[in-house]
Amino acid sequence: MTPRVRIAPSPTGPLHIGTARTALFNYLYARHHGGTFMLRVEDTDQARSTLAYERDILDGLHWLGLSWDEGPEVAGRPAVGPYAPYRQSERTQLYREAADRLLQQDRAYACYCSREQLEADKRAQEAAHQPPHYVGRCASLTPEQRRLNEAQGIASAVRFRVGRELVAFDDLIRGRVEIDTTALGGDLVILRSDGTPLYHFTVAVDDATMAITHVIRGEDHLSNTPKHILLFRALGADVPQFAHLPLILNADRTKMSKRKSQTAVSDYVAQGFVREGFVNYLALLGWASGTEEELFSLDELVERFEIERVHSGGAVFDRERLEWLNGQWIRRLGPDDLAERLAGFLAAELDAREAAGARIRRPAQDEIRTLVPLVQERLPVLGAIGDLVDFLFLGEIAVTPEMLVPKRWDERTTLEALKAARATIADVPPVTFEADELEPPLRALADERGWKAGDLFMAIRVAITGRTATPPLFDTLVALGRDRTLQRLEDGIRLLETEKATVTGG
RNA sequence: GCCCCCAUCGUCUAGAGGCCUAGGACGCCACCCUUUCAAGGUGGAGAUCAGGGGUUCGAAUCCCCUUGGGGGCACCA
């Protein structure tokens, strides 16, 4: 049997990391077994669902590289797959029909309880230290009573009868799980009094209708599974296999939430995580290959993924490890590819600087490509590009005399060194202004004066970049260009001279 | 409160009765490389395998209990 799996996000918020991980595992399972990966939008909560969130979720899944075989119509393009529609808001008729069938078979009944009554029940149960459950007030209404309620125009919800039994299933990850239906909270509402369906019902109806064979989802649904199984059976459908993935956790080991962690995939995209690193990290949250390898592309994951190797304990989201993995993948990117991915991040950074009042220059055609060798192994995230090379594009860099003076040096030496360096660099003609041509004379200069090369280089570095940590100096000089390099050295020299004048003259 | 799930270094994990004086990775610390920062290399600290009982010649691995943690119990998804 070729598996049919699905990811069923609810557009009530941006794509959540947990949803992304669940989507990934479903995708891996489908692809590994040559099955079908389906996307279904669970937008039955009209009040909270928005199109913007749906967009964010679809974009996020695309970004991750998780293409679905069946899914809803998007941007004017028709739905793909034989089970359309794939958006629950367009399937209401189906739910109503299914509910009608259950009603006719007396596996469900009309419930006329008011909100107030139900709340009073709940309060009473709480006071009696009982688990919240429906008391069954409407479970055995006579036809006469029902007619009376209807005549009074009391709106009714539809409740599914939950009998007393032990429901068991073999979870692909956890093994056998048995839950007594008495722990389920009584007969559950499947249709609200306004006729709209509820989550547990729509999942079961859809998974049944769409011939889902394996339900792979978060552990937070484990306790709900018996409800779904009961519904599947009542609907006359085959019960799928279940696999409940461990939860992704906040640092305090509670279920990952946006209150305590960054949960929106789009935020990680915006910070410059690359899909390769992100996917790799997500896969490692709950799954391990069993070998000591841990860098896997999506295709490699597809090849190696086995649901049995997913383990059952929750996993704390560790951003440092994510960043490390991300850096690994950034280093593996081809130069043109990296340059292309970097462009937007640099532009955004420069926009921000400009908006803050800075005078900036925009990178020339192909300039970013030439910067790649300087930055590739220094980027934990693409968004770090600004901090790494901003001095190349800023009209003015912020330098103070204190910064200019290397640790072991004094102001006088620094001034002297900067002047000498300026002269030395000025001696290198524009046509040969290259790293290989710049390094030897500067080293020779240090030698001549008895300076440590590192100190000289540091003074130059700070003068031309305003930073003590930069890409390799000579490459940086080249990237800056001869004119700007000389100009900034002069600026540095002038800064020290005025400083000295103030000190001695004051 | 009730039900369910889980439990190996700070974190992600390997481990399916002897190969474990518990392996790898992130992070941390040293050292090497080195013009700074990274990257890379080498080494180190770091887990009485939550605790206690069994089973067994032998248990991180199997069973039970305890403890701890988490999740679920809506006319939310």
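Proteins come first, then strands; the chains are lettered A, B, ... in the order of their sequence lines, and each starts at number 1.
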Trainee: Calculate the interatomic distance between A/Ile179 atom CD1 and B/C5 atom P; express it in whole Å.
Mentor: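 Going from A/Ile179 (CD1) to B/C5 (P), I get 7 Å.
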
Trainee: Say whether, by atom type as modelled, one donor and one acceptor occur between the side chain of A/Gln88 and the main chain of A/Arg40 under 3.5 angstrom.
Mentor: no

Trainee: For A/Arg309, which contact category applies under a 4.0 Å heavy-atom criterion: base, sugar-phosphate, or nothing?
Mentor: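 The residue A/Arg309 makes sugar-phosphate contact but no base contact.
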
Trainee: For the pair made of CD in A/Gln125 and C1' in B/C73, what is the distance, rounded to whole Å?
Mentor: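 The distance from CD of A/Gln125 to C1' of B/C73 comes to 11 Å, rounded to the nearest Å.
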
Trainee: Answer with yes or no whether A/Ser223 presents, from its side chain, a donor or acceptor under 3.5 Å of a partner atom in the base of B/G71.
Mentor: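 Result: at least one qualifying N/O pair found.
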
Trainee: Could you check which of B/U36, B/U35, B/A77 has an atom nearest any side-chain atom of A/Arg443?
Mentor: B/U35

Trainee: Could you tell me how far apart A/Arg331 (CZ) and B/C37 (P) are, to the nearest whole angstrom?
Mentor: 16 Å

Trainee: Hey, what do you get for CD (A/Gln328) to CG (A/Asn280), rounding to the nearest 0.5 Å?
Mentor: 9.5 Å

Trainee: With a 4.0 Å limit, can you tell me whether A/Arg174 has a side-chain N or O closer than that to the phosphate oxygens OP1/OP2 of B/C4?
Mentor: no

Trainee: Given atom CG of A/Leu338 and atom P of B/A39, what is their separation to the nearest angstrom?
Mentor: 16 Å

Trainee: If you only use heavy atoms from C-beta on, which nucleotide in B/A77, B/A38, B/G71 is closest to the side chain of A/Asp220?
Mentor: B/G71

Trainee: For the pair made of CD in A/Glu320 and C1' in B/A25, what is the distance, rounded to whole Å?
Mentor: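 Checked: the CD to C1' distance equals 13 Å.
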
Trainee: Start at the 5' end of RNA chain B and walk down; is the nucleotide closest to A/Arg321 or to A/Gly290 reached first?
Mentor: A/Gly290

Trainee: What distance, rounded to whole Å, do you find between the two P atoms, one in B/A7 and one in B/U61?
Mentor: 11 Å

Trainee: Which is true for A/Glu292 with a 4.0 Å heavy-atom rule: it touches a base, it touches only sugar-phosphate, or it touches nothing?
Mentor: sugar-phosphate

Trainee: Taking any heavy-atom pair under 4.0 Å as a contact, classify A/Thr44: base, sugar-phosphate, or nothing.
Mentor: sugar-phosphate

Trainee: Provide, to the nearest angstrom, the distance between the CD atom belonging to A/Glu54 and the P atom belonging to B/A77.
Mentor: 16 Å

Trainee: Is a donor on one side and an acceptor on the other found under 3.5 Å between the side chain of A/Asn26 and the backbone of A/Ile7?
Mentor: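 No; judged by distance alone, with no hydrogens or angles, the pair does not exist.
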
Trainee: Pick the closest RNA chain B nucleotide for A/Thr12 and for A/Glu439 by heavy atoms, then say which residue is nearer the 5' end.
Mentor: A/Glu439

Trainee: In terms of side-chain heavy atoms of A/Leu284, which of B/G70, B/C12, B/G72 is nearest?
Mentor: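 So the side chain of A/Leu284 is nearest to B/C12.
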
Trainee: Out of B/U35, B/C76, B/A74, which has the shortest distance to the side chain of A/Lys122?
Mentor: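 So the side chain of A/Lys122 is nearest to B/A74.
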
Trainee: Under a 3.5 Å cut-off for both contacts, is B/C31 paired Watson-Crick or G-U wobble with anything, and if yes, with which nucleotide?
Mentor: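 Partner of B/C31: B/G41.
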
Trainee: Closest to the A/His129 side chain: B/U35, B/G1, B/A77?
Mentor: B/G1

Trainee: B/C2 pairs with which nucleotide, Watson-Crick or G-U wobble, both distances below 3.5 Å?
Mentor: B/G72

Trainee: By the 4.0 Å heavy-atom rule, please label A/Phe317 as base, sugar-phosphate, or nothing.
Mentor: nothing

Trainee: Once you round it to whole Å, what is the distance between P of B/C5 and CG of A/Asp171?
Mentor: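 For the pair A/Asp171 CG and B/C5 P, the rounded distance is 10 Å.
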
Trainee: Using the P atom on both, measure B/C29 against B/A45 and round to a whole Å.
Mentor: 16 Å

Trainee: Measure from the side chain of A/Phe457, starting at C-beta and using heavy atoms only, and say which of B/U35, B/A77, B/U11 lies closest.
Mentor: B/U35

Trainee: Counting heavy atoms from C-beta on, name the nucleotide in B/G71, B/C12, B/C76 closest to the side chain of A/Arg48.
Mentor: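 Nearest listed nucleotide: B/C76.
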
Trainee: Of the options B/U36, B/A38, B/C75, whose atoms approach the side-chain atoms of A/Glu377 most closely?
Mentor: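 Shortest atom-to-atom distance from the side chain points to B/A38.
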
Trainee: Rounded to the nearest 0.5 Å, how far does CG of A/Leu245 lie from NE2 of A/His311?
Mentor: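 The distance works out to 11.0 Å.
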
Trainee: Keeping the roles fixed (side chain from A/Asp43, backbone from A/Pro11), state whether a donor-acceptor pair exists under 3.5 Å.
Mentor: no

Trainee: Just to be sure I understand the rule, does A/His244 reach a base, reach only the sugar-phosphate, or reach nothing, if contact means heavy atoms closer than 4.0 Å?
Mentor: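 The answer is nothing, as A/His244 stays clear of every strand by at least 4.0 Å.
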
Trainee: Strictly by Watson-Crick or wobble contacts shorter than 3.5 Å, is anything paired with B/G46, and which nucleotide is it?
Mentor: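 Pairing partner: none.
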
Trainee: Side-chain donor or acceptor of A/Ser193 under 3.5 Å from a matching atom on the base of B/C75?
Mentor: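 Yes, a donor-acceptor pair under 3.5 Å.
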
Trainee: Any side-chain to backbone donor/acceptor pair from A/Arg482 onto A/Val428? Under 3.5 Å, distance only.
Mentor: yes

Trainee: Taking B/C12 as the reference, what is the distance to B/G17 when you measure between their C1' atoms (whole Å, please)?
Mentor: 26 Å

Trainee: From A/Glu349 CD over to A/Ile385 CD1, what is the distance, rounded to the nearest 0.5 angstrom?
Mentor: 9.5 Å

Trainee: Watson-Crick or G-U wobble partner for B/A25, using a 3.5 Å limit on both distances?
Mentor: B/U11

Trainee: Ignoring hydrogens and angles, are the base of B/U35 and the side chain of A/Arg461 linked by a donor-acceptor pair under 3.5 Å?
Mentor: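 It does, because a donor-acceptor pair links the side chain of A/Arg461 to the base of B/U35 below 3.5 Å.
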
Trainee: Tell me what A/Pro9 touches on the nucleic acid: a base, only sugar-phosphate, or nothing, going by heavy atoms under 4.0 Å.
Mentor: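 Counting heavy atoms under 4.0 Å across all strands, no contact is made by A/Pro9.
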
Trainee: Check whether any side-chain nitrogen or oxygen of A/Gln376 sits under 4.0 Å from OP1 or OP2 of B/C37, and answer yes or no.
Mentor: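 So the side chain of A/Gln376 is outside the cut-off, no N or O lying under 4.0 Å from OP1 or OP2 of B/C37.
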
Trainee: Reckon A/Pro246 touches a base, only the sugar-phosphate, or nothing at all at heavy-atom distances under 4.0 Å?
Mentor: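 The residue A/Pro246 makes no contact with any strand.
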
Trainee: Side chain of A/Ala469 only, heavy atoms from C-beta on: which candidate in B/C75, B/C37, B/U11 is closest?
Mentor: B/C37

Trainee: Quote, to the nearest angstrom, the C1' distance that separates B/U21 from B/C26.
Mentor: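 To the nearest whole Å, 25 Å.
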
Trainee: Of the candidate nucleotides B/G40, B/C26, B/G1, which contains the atom at the shortest distance from the side chain of A/Pro131?
Mentor: B/G1

